[in-house]
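Shown next, in structure tokens, is the structure this report addresses.
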Amino acid sequence: MVKLSELPNFRVHLSQLLQQAALTLKVDHALNIEITRTKQVSHGDYSCNLAMQLAKTLHKNPREIAGMLIDAMPESAYVEKIEVAGAGFINFFIKDDAKRLYLNHILQSGDRYGASDFGNGEKIQVEFVSANPTGPLHVGHGRGAAFGASLANVLAKAGFSVTREFYVNDAGRQMDILALSAWLRYLALNDVQVPFPENAYQGEYVKEMAKLIYEAHADRYVHQPAVLLDGLSEAAHEEVINTDEQLDRMIANAKKILGQDYAYIHNFVLTEQLGDCRNDLMEFGVEFDIWFSEQSLFDNGLVARAVRLLDEKKQLYRQDGALWFRSTEFGDEKDRVVQRENGHYTYFASDIAYHLNKFERGYTKVINIWGADHHGYIPRVKGALQALEQDPDKLKIALVQFAVLYRDGKKASMSTRSGEFVTLRELRHEVGNDAARFFYVMRKSDQHLDFDLDLAKSQSNENPVYYVQYAHARICSVLAQWDGDAASLIDAETDLLTGPAERVLLQCLIDFPDTIEAAAQEFSPHLIAFYLRELASEFHSYYNSTHFLVPEIPIMEARLALVMSIRHVLKNGLELLGVNAPEKM
RNA sequence: GUGCCCGUAGCUCAAUCGGAUAGAGCACCAGCCUUCUAAGCUGGGGGUUACAGGUUCGAUUCCUGUCGGGCACGCCA
């Protein structure tokens with residue numbers, strides 16, 4: 001029997017053994033020892049390709065080097081045997097009783113199993129969603145939300161100190177357009193007829209906000225609309241308004257007419273939309289630590305400061321009346337405007353201030369989750385940080401591709417024009433939160449996602465969400481029928497678990513922390529989804545091949561100890577993805 | 001036109017930052033419920049990893065080119 005107080009991390013342990021063995025080979029350069037899981041049982045449990053890596057520098061046959069490494073390796077209480085295989089792989093077979101230590105550990109740690117100190121408590125920020133509060137979240141935001149939330153959970157589980165942040169674009173033109181849109185709808189409710197611009201916000205939710213204002217304040221915000229169309233072409237009075245210039249003119253006129261009241265309208269629509277967004281996300285299981293206001297960057301002078309700092313570094317110049325940042329000096333395709341000819345700062349300017357602020361808040365790593373259509377934006381932001389003498393590599397951008405909905409095998413419309421897009425809320429109500437969360441992270445984030453609505457809805461074996469949840473529910477059902485004291489399973493004689501399915505399952509459970517670590521390192525929560533499906537699959541197979549509630553008490557308890565451990569891991573894994581682990585289905 | 005991403009089974013996708021015989025699910029075919037939930041299981045067929053070269057012990061992965069698809073190329077956000 002192996003006796004050790006501490007739970008062994010096999011990969012770390014084996015890596016240390018190799019490290020020691022490598023000393024005898026007198027290699028002068030740094031070693032990159034990677035321990036990987038094997039794909040085939042005949043190759044053992046873990047494998048290392050170090051011998052092949054060293055073949056070139058040592059001018060020796062990899063298999064010969066592997067033999068030397070094995071000879072030089074210290075004895076280990078965990079290792080059953082070591083073999084040289086193939087071109088020079090070193091394959092490790094772990095002792096079964098060493099693996100079984102994990103069952104005891106999982107039963108004791110329960111909800112905490114899977115956690116590691118991989119991240120060393122490093123302060124890391126994940127900024128995601130950050131949708132303009134100008135309308136309901138749509139299915140594209142949903143993927144960013146699900147991905148970001150899952151990634152943040154994974155990072156936290158892997159030992160990082162994670163802050164989840166939503167950047168609120170509460171400054172700028174889009175909010176003005178929304179405020180104008182709502183006010184125009186409000187005027188219409190008061191029987192004041194003004195043409196509604198085609199490029200204003202058309203959605204029904206705008207009319208609803210107008211109605212709220214009307215119900216609370218009646219005609220309190222009705223002002224002379226006559227000058228609203230001042231400065232617009234004569235045609236606009238009769239015909240359509242659809243250019244940016246016309247829209248901006250109307251906004252300016254509205255501000256003039258409303259005076260102090262404009263702030264009320266602006267603030268009202270912002271509060272409404274942000275509240276709606278927050279509710280939507282909360283129902284989706286996505287929560288944030290910080291809602292960071294873009295407007296606050298202006299109010300606190302941080303935008304002006306960031307621009308001034310760039311100027312001090314001689315990174316700005318004036319041309320055509322605008323202020324430009326020399327981003328081409330830092331790899332961008334062209335220089336970018338930070339302050340427009342009309343004196344307004346660009347979105348880029350506040351973004352520079354925002355990112356500088358993030359760095360100054362002490363995060364050692366800052367992760368931005370962006371829609372893939374923003375990829376061209378990366379060089380200028382990193383360039384600006386570099387210009388400000390910050391380390392641009394601390395900023396990591398995770399790009400999330402669009403999700404395309406399919407219904408009846410056909411693309412479902414998600415046009416943002418005319419307000420007829422599919423909202424996240426609609427999706428959640430149609431397929432449920434669990435399916436939505438799971439489907440969103442089933443694919444690598446930087447790949448297009450075909451979201452099959454019919455599949456997500458189907459309560460059948462085709463649906464991968466139910467497949468995993470069903471495994472959990474089955475276990476709960478078995479445990480309920482056993483009706484014993486779960487705590488007693490810690491003393492089960494787990495050395496009775498010698499069947500092939502049991503050994504595979506045990507190794508699968510041991511892999512859980514490694515999977516989380518990999519998902520954290522590669523920003524790939526989809527690895528968790530794949531892992532869970534694999535574990536569920538192994539469990540279902542075990543369930544069908546082996547009866548758990550057998551008369552022989554020790555065997556029953558041993559199997560239940562394994563099954564209970566699986567339950568913990570399924571639950572913990574689903575939790576990372578924000579998916580429920582139901583006890584009954 | 002320029003830049004970035006992608007191209008893997010009929011379909012949707014994996015493949016542990018160059019590793020061993022490229023794996024799942026769906027679909028298709030053949031089986032399994034008087035036994036802890038059949039939302040399950042077992043078995044089977046299915047591949048020149050778009051194409052052509054190159055780098056090396058070894059390539060789906062890295063480099064070059066071609067073809068095909070997506071996105072981005074504003075004093076918008």
Side-chain angles (χ1 to χ4, degrees), chain A residues 34-40 42-43 47 49 52-53 55-56 61-62 85-89 91 132 134 169 171-175 177 244 294 319-324 333-334 336-342 344-348 350-351 371-379 399 401-402 406 409 442-444 446-452 455 458-471 473-482 511 514-515 517-519 521-522 524 526-527 529-530 533-534 536-537 539-550 556 559-560 563 584-585:
Chain A
E34 283 196 14
I35 307 293
T36 55
R37 282 273 291 117
T38 56
K39 289 174 187 166
Q40 290 179 59
S42 63
H43 293 155
S47 179
N49 64 357
M52 288 178 282
Q53 284 182 39
K56 189 173 277 179
N61 180 320
F89 292 99
N91 291 338
N132 277 340
T134 53
N169 296 115
R173 182 164 176 267
Q174 295 304 318
M175 280 308 303
I177 298 174
D244 284 349
E294 180 189 5
Q319 184 181 307
D320 302 331
L323 202 54
W324 298 71
E333 291 174 355
K334 55 170 289 193
R336 309 290 174 176
V337 171
V338 291
Q339 191 173 26
R340 284 182 265 169
E341 196 176 358
N342 64 11
H344 289 106
Y345 289 111
T346 59
Y347 176 86
F348 179 43
S350 49
D351 238 14
D373 53 333
H374 285 71
H375 73 263
Y377 201 71
I378 298 172
L399 294 176
Q401 289 279 2
F402 287 124
Y406 284 83
M442 260 194 330
R443 305 278 177 256
K444 273 201 316 215
D446 58 353
Q447 300 292 321
H448 283 278
L449 170 67
D450 285 350
F451 196 119
D452 187 333
L455 179 60
S458 74
Q459 303 213 343
S460 76
N461 55 354
E462 299 169 14
N463 194 326
V465 189
Y466 291 117
Y467 185 80
V468 177
Q469 290 182 319
Y470 185 48
R474 266 184 156 177
I475 292 172
C476 292
S477 174
V478 169
L479 293 171
Q481 285 170 65
W482 167 57
D511 289 337
D514 286 345
T515 304
E517 199 175 297
Q521 187 153 27
E522 296 165 38
S524 298
H526 77 277
L527 293 175
F530 277 89
R533 197 150 65 171
E534 174 69 21
S537 170
F539 168 75
H540 284 309
S541 181
Y542 181 45
Y543 181 92
N544 276 273
S545 69
T546 311
H547 210 74
F548 307 149
L549 301 175
V550 292
M556 178 191 74
R559 289 176 181 166
L560 289 179
V563 164
K584 281 181 186 170
M585 287 177 72

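Note on naming: letters A, B, ... go to the chains in the order of the sequence lines (proteins, then strands), and numbering restarts at 1 for each one.
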Selection from B:A15, B:C36, B:C6 that lies nearest to any side-chain heavy atom of A:Lys39: B:A15
side-chain N/O A:Ser477 vs B:C36 OP1/OP2, d < 4.0 Å: no
Length of the line joining A:Asn463:CG and B:A27:P, which is rounded to integer Å: 12 Å
B:U42 phosphate, OP1 or OP2, under 4.0 Å from A:Ser541 side-chain N/O: yes
Nucleotide opposite B:A52 in a Watson-Crick or G-U pair, distances under 3.5 Å: B:U64
Sugar-phosphate only, base, or nothing, as touched by A:Ser545 at under 4.0 Å among non-hydrogen atoms: nothing
Among B:C6, B:C36, B:U16, the one nearest A:Tyr543 by side-chain distance: B:C36
Nucleotide opposite B:C71 in a Watson-Crick or G-U pair, distances under 3.5 Å: B:G3
Aromatic plane relationship, A:Phe539 with A:Tyr542 - under 30° parallel, 30 to 60° tilted, over 60° perpendicular: perpendicular
A:His43 aromatic ring stacked with six-membered ring of B:A20, 5.5 Å and 30°: yes
Side-chain donor/acceptor contact of A:Thr38 with base of B:A20 under 3.5 Å: no
d(NE2, A:His540; P, B:C36) in whole Å: 16 Å
Contact letters for nucleotides 71-77 of chain B, in which S counts primed atoms plus P, OP1 and OP2 and B counts the base, heavy atoms under 4.0 Å: BSSBBSB
Sugar-phosphate only, base, or nothing, as touched by A:Thr134 at under 4.0 Å among non-hydrogen atoms: nothing
OP1 or OP2 of B:U37 under 4.0 Å from side-chain N/O of A:Gln481: yes
For atom NZ of A:Lys444 and atom P of B:U61, their distance in whole Å: 13 Å
Identified pairing partner of B:C41, criterion: Watson-Crick or G-U wobble below 3.5 Å: B:G31
Base-pairing assignment for B:A24 (Watson-Crick or G-U wobble, both under 3.5 Å): B:U12
Closest listed nucleotide, where the reference is the side chain of A:Ala87 and the choices are B:C13, B:G19, B:U37: B:G19
RNA chain B: 5'-proximal contact among A:Glu34 and A:Ala55 (nearest heavy atom): A:Glu34
Distance below 4.0 Å between A:Lys56 side-chain N/O and B:U56 OP1 or OP2: no
Closest-nucleotide 5' rank along RNA chain B - winner of A:Asn49 and A:Arg474: A:Asn49
